[in-house]
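Read through the structure below, which is laid out as structure tokens, and then see the notes.
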Amino acid sequence: MTDTVTAAMDRNMAIEAVRVTEAAAIAAWGWTGRGDEMSADAAAVEAMRAALNKLNIDGTVVIGEGERDEAPMLFIGEKVGIGGPKIDIALDPLEGTTLTAKANANAMATLALAPHGGFLNAPDVYMEKIAVGGGLPDGIIDINASAMENLGRVAEAKNVNVEDLLICVLDRPRHQELISDIRSAGARIQQISDGDIYGIIETSQPHSRVDMYLGSGGAPEGVLAAAALQCIGGQMQGKLLFRNDDERERASKMGIDDFDRVYGINDLASGDVIFSATGVTDGGLLQGVQRTASSAITQSIVMRSMTGTVREITTRHDYTRKSEDKD
């Protein structure tokens with residue numbers, strides 16, 4: 001890593017990342033409970049793009065809202081920033097569009113920054129994922145092993161019974177067999193409706209009772225979750241899942257030539273990573289936006305892998321004392 005990039009990925013950049021996710025969260029909050037997922041997502045995207053374009057970076061979106069022909073803004077390959085060191089960007093301006101539309105818990109705006117080449121350039125396909133928190137022996141999980149085997153390994157490492165484990169799984173029809181296998185092994189399940197970035201981060205939170213995340217979700221969200229785990233500690237593996245030849249062809253164009261590869265956490269996110277998230281709705285990780293006519297209060301978390309620093313930031317935005325261009 002060059003000295004220039006090292007200097008860019010400092011505590012000031014961490015605060016800048018928070019400002020970006022704050023802007024997206026506040027914009028999305030205006031659509032909370034309105035039943036309009038597309039408008040909520042569009043508001044978050046527009047606000048995040050505007051905030052990114054104020055940063056002193058030569059940024060490239062490598063994990064974004066989709067590919068150039070599918071997303072009008074923040075598409076994979078889009079350039080952002082006003083110039084500076086080369087930074088790769090992974091983002092989900094609104095993790096939990098359905099959660100926001102229904103005013104349900106755990107919606108948040110997320111962003112990760114890394115030196116150029118720090119993130120897997122993952123296509124917008126499904127990814128099978130397995131993740132655990134920090135403090136466990138290296139290699140404790142194996143995505144190619146059965147759920148029962150992984151549960152046994154984690155239980156032994158934690159010196160508990162399998163029956164004591166709580167496994168987070170997205171509530172999807174495709175996970176029926178997985179859910180059956182986990183319960184047959186004796187473990188308990190926390191089923192979440194949306195937001196697998198949140199679910200994976202929960203495996204590493206001191207207050208959380210979640211021991212492992214299992215199941216499939218979006219590959220872009222997998223990269224963002226890996227970025228967070230690099231900062232706070234944990235292990236993760238992922239495998240891309242392809243439903244048709246078109247998805248394989250798109251992956252090939254993005255440089256992926258081994259469709260059966262198991263990606264470890266260092267393959268998904270590496271280098272000096274900064275991860276930021278700001279709550280849109282109240283949740284287990286973050287409080288949502290509190291908005292009045294003249295102000296807003298946001299709660300964010302920002303982490304840096306090089307230092308292991310985790311900051312929880314509560315910000316009061318006073319709209320009566322600053323112009324639109326200030327932050």
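Position 1 is the first residue of the sequence, and the numbers go up from there.
- Proximity of a side-chain donor or acceptor of N150 to a complementary backbone N or O of I141 within less than 3.5 Å is not detected.
- Residue M108 holds its CE atom at 4.5 Å from CD1 of I201, rounded to the nearest 0.5 Å.
- Clustering ILVMFWY residues whenever any of their side-chain heavy atoms sit less than 4.5 angstrom apart, transitively, puts V262 in the very cluster that holds V154.
- Side-chain contact between M148 and D181 is absent, with no heavy atoms from C-beta onward closer than 4.5 Å.
- The minimum heavy-atom distance between A114 and V273, with the atom names listed, is CB-CG2, 4.2 Å.
- Under a hydrophobic clustering in which Ile, Leu, Val, Met, Phe, Trp and Tyr are joined whenever their side-chain heavy atoms come within less than 4.5 Å, directly or via other members, V62 and L240 fall into the same cluster.
- Surrounding CD of E163 are more than 12 heavy atoms belonging to other residues, nucleotides or ligands, all under 6.0 Å away.
- Looking at every heavy atom in both residues, T203 comes nearest to I200 through OG1-O, 2.7 Å.
- A donor-acceptor contact shorter than 3.5 Å is absent between the side chain of T281 and the backbone of A103.
- Follow the hydrophobic side-chain contacts under 4.5 Å out from M212 and you never reach M236; the two are in separate clusters.
- In this structure, the side chain of S180 does not engage the main chain of Q176 through any donor-acceptor pair within 3.5 Å.
- The CG atom of L224 lies 11.5 Å from the CG atom of L229; values are rounded to the nearest 0.5 Å.
- N106 places a side-chain N or O within 3.5 Å of a backbone atom of G284 that can act as its donor or acceptor partner.
- In this structure, the separation between CD1 on I274 and CD1 on I15 is 9.5 Å, given to the nearest 0.5 Å.
- Surrounding CZ of R188 are more than 12 heavy atoms belonging to other residues, nucleotides or ligands, all under 6.0 Å away.
- Under the 3.5 Å distance criterion, the side-chain polar atoms of N244 are matched with a main-chain donor or acceptor of E247.
- Residues G134 and S204 approach most closely at N-OG, 3.9 Å, considering heavy atoms.
- Using a 4.0 Å cut-off between charged nitrogen and carboxylate oxygen, R19 and E16 count as a salt-bridge pair.
- Across V210, L178, I182, a single residue satisfies side chain to side chain contact (heavy atoms under 4.5 Å, CB included) together with I167, and that is I182.
- Between S305 and Q230, the side chains place no donor N or O within less than 3.5 Å of an acceptor N or O (distance only, hydrogens not considered).
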(Q) Under the criterion side-chain contact (heavy atoms from CB on, under 4.5 Å), I'd like the reasoning laid out for V160 against L165: C-alpha separation, chi angles, the key distance, then a yes or no. (A) CA-CA 8 Å; V160 298; L165 298 178; 3.9 Å; yes
Q. Going through the distances and angles, do R304 and D272 end up as a side-chain contact (heavy atoms from CB on, under 4.5 Å)?
A. CA-CA 7 Å; R304 186 181 178 194; D272 187 9; 2.6 Å; yes
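- Rounded to the nearest 0.5 Å, atoms CE (M13) and OG (S276) are 12.0 Å apart.
- There is no path of hydrophobic side-chain contacts, each under 4.5 Å, that joins I192 to V132.
- The main-chain N or O of G218 is found under 3.5 Å from a side-chain atom of K129 such that the two form a donor-acceptor pair.
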Q) Do R153 and D142 pass the side-chain contact (heavy atoms from CB on, under 4.5 Å) test, and can you show the C-alpha distance, the side-chain angles, and the key distance before you say yes or no? A) CA-CA 10 Å; R153 290 178 177 181; D142 180 358; 3.3 Å; yes
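- Only one option out of D41, V280, D36 pairs with T100 in a side chain to side chain contact (heavy atoms under 4.5 Å, CB included); it is V280.
- If you take CD1 on I232 and CZ on F275, they are separated by 8.0 Å, rounding to the nearest 0.5 Å.
- Applying side chain to side chain contact (heavy atoms under 4.5 Å, CB included) to T60 and the options D88, I89, I76 leaves one that passes, D88.
- The hydrophobic cluster containing L99 does not contain L111, counting ILVMFWY residues as joined when their side-chain heavy atoms lie under 4.5 angstrom apart, directly or transitively.
- The shortest non-hydrogen separation linking Y198 to L285 is CE1-N, 3.8 Å.
- Look at R49 and E78 and you find a salt bridge, because one of the NZ, NE, NH1 or NH2 atoms lies within 4.0 Å of a carboxylate O, short of that distance.
- The backbone N or O of L166 sits less than 3.5 Å from a side-chain atom of D211, completing a donor-acceptor pair.
- Although no hydrogens or angles enter the test, the distance criterion places no donor-acceptor pair under 3.5 Å between the side chain of D58 and the main chain of G83.
- Between Q191 and I179, some side-chain heavy-atom pair lies under the 4.5 Å cut-off.
- For CG of D258, the number of neighbouring non-hydrogen atoms (other residues, nucleotides, ligands) closer than 6.0 Å is greater than 12.
- No donor-acceptor distance shorter than 3.5 angstrom exists from the side chain of T110 to the backbone of L91, with no hydrogens or angles considered.
- Shown here for A219 and A122, the closest heavy-atom pair between the two residues is CB-CB, 4.1 Å.
- Annotation: side chain of V310 is not in contact with side chain of C231 (no heavy-atom distance under 4.5 Å).
- A donor-acceptor pair under 3.5 Å links the side-chain atoms of R174 to the main chain of S216, judged by distance alone.
- The ring-ring contact (aromatic ring centres under 6.0 Å, His included) contacts involving residues 205-248 comprise F242-F259, where partners must be two or more places apart or lie in separate chains.
- For K158, the NZ atom counts as densely surrounded, since its 6.0 Å shell holds more than 12 non-hydrogen atoms of other residues, nucleotides or ligands.
- Between E249 and K253, some side-chain heavy-atom pair lies under the 4.5 Å cut-off.
- Of all heavy-atom pairs between V289 and G279, the closest is CG2-O, 3.5 Å.
- Expressed to the nearest 0.5 Å, how far CG of L214 lies from CG of L170 amounts to 11.0 Å.
- The shortest side-chain heavy-atom distance between M38 and T97 does not fall under the 4.5 Å cut-off.
- The number of heavy atoms from other shown groups lying within 6.0 Å of CZ (R209) does not exceed 12.
- Counting only heavy atoms from C-beta outward, the side chains of D194 and R172 approach each other to under 4.5 Å.
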Q. Hey, mind stepping through M127 and L268 against side-chain contact (heavy atoms from CB on, under 4.5 Å) and telling me if it holds?
A. CA-CA 12 Å; M127 175 184 283; L268 297 169; 3.9 Å; yes
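- Between R248 and I256 there is no side-chain heavy-atom pair separated by less than 4.5 Å.
- Using a 4.5 Å cut-off on side-chain heavy atoms (C-beta onward), S193 and T98 make no contact.
- Within a 6.0 Å radius of CD in E46, other residues, nucleotides and ligands contribute 12 heavy atoms or fewer.
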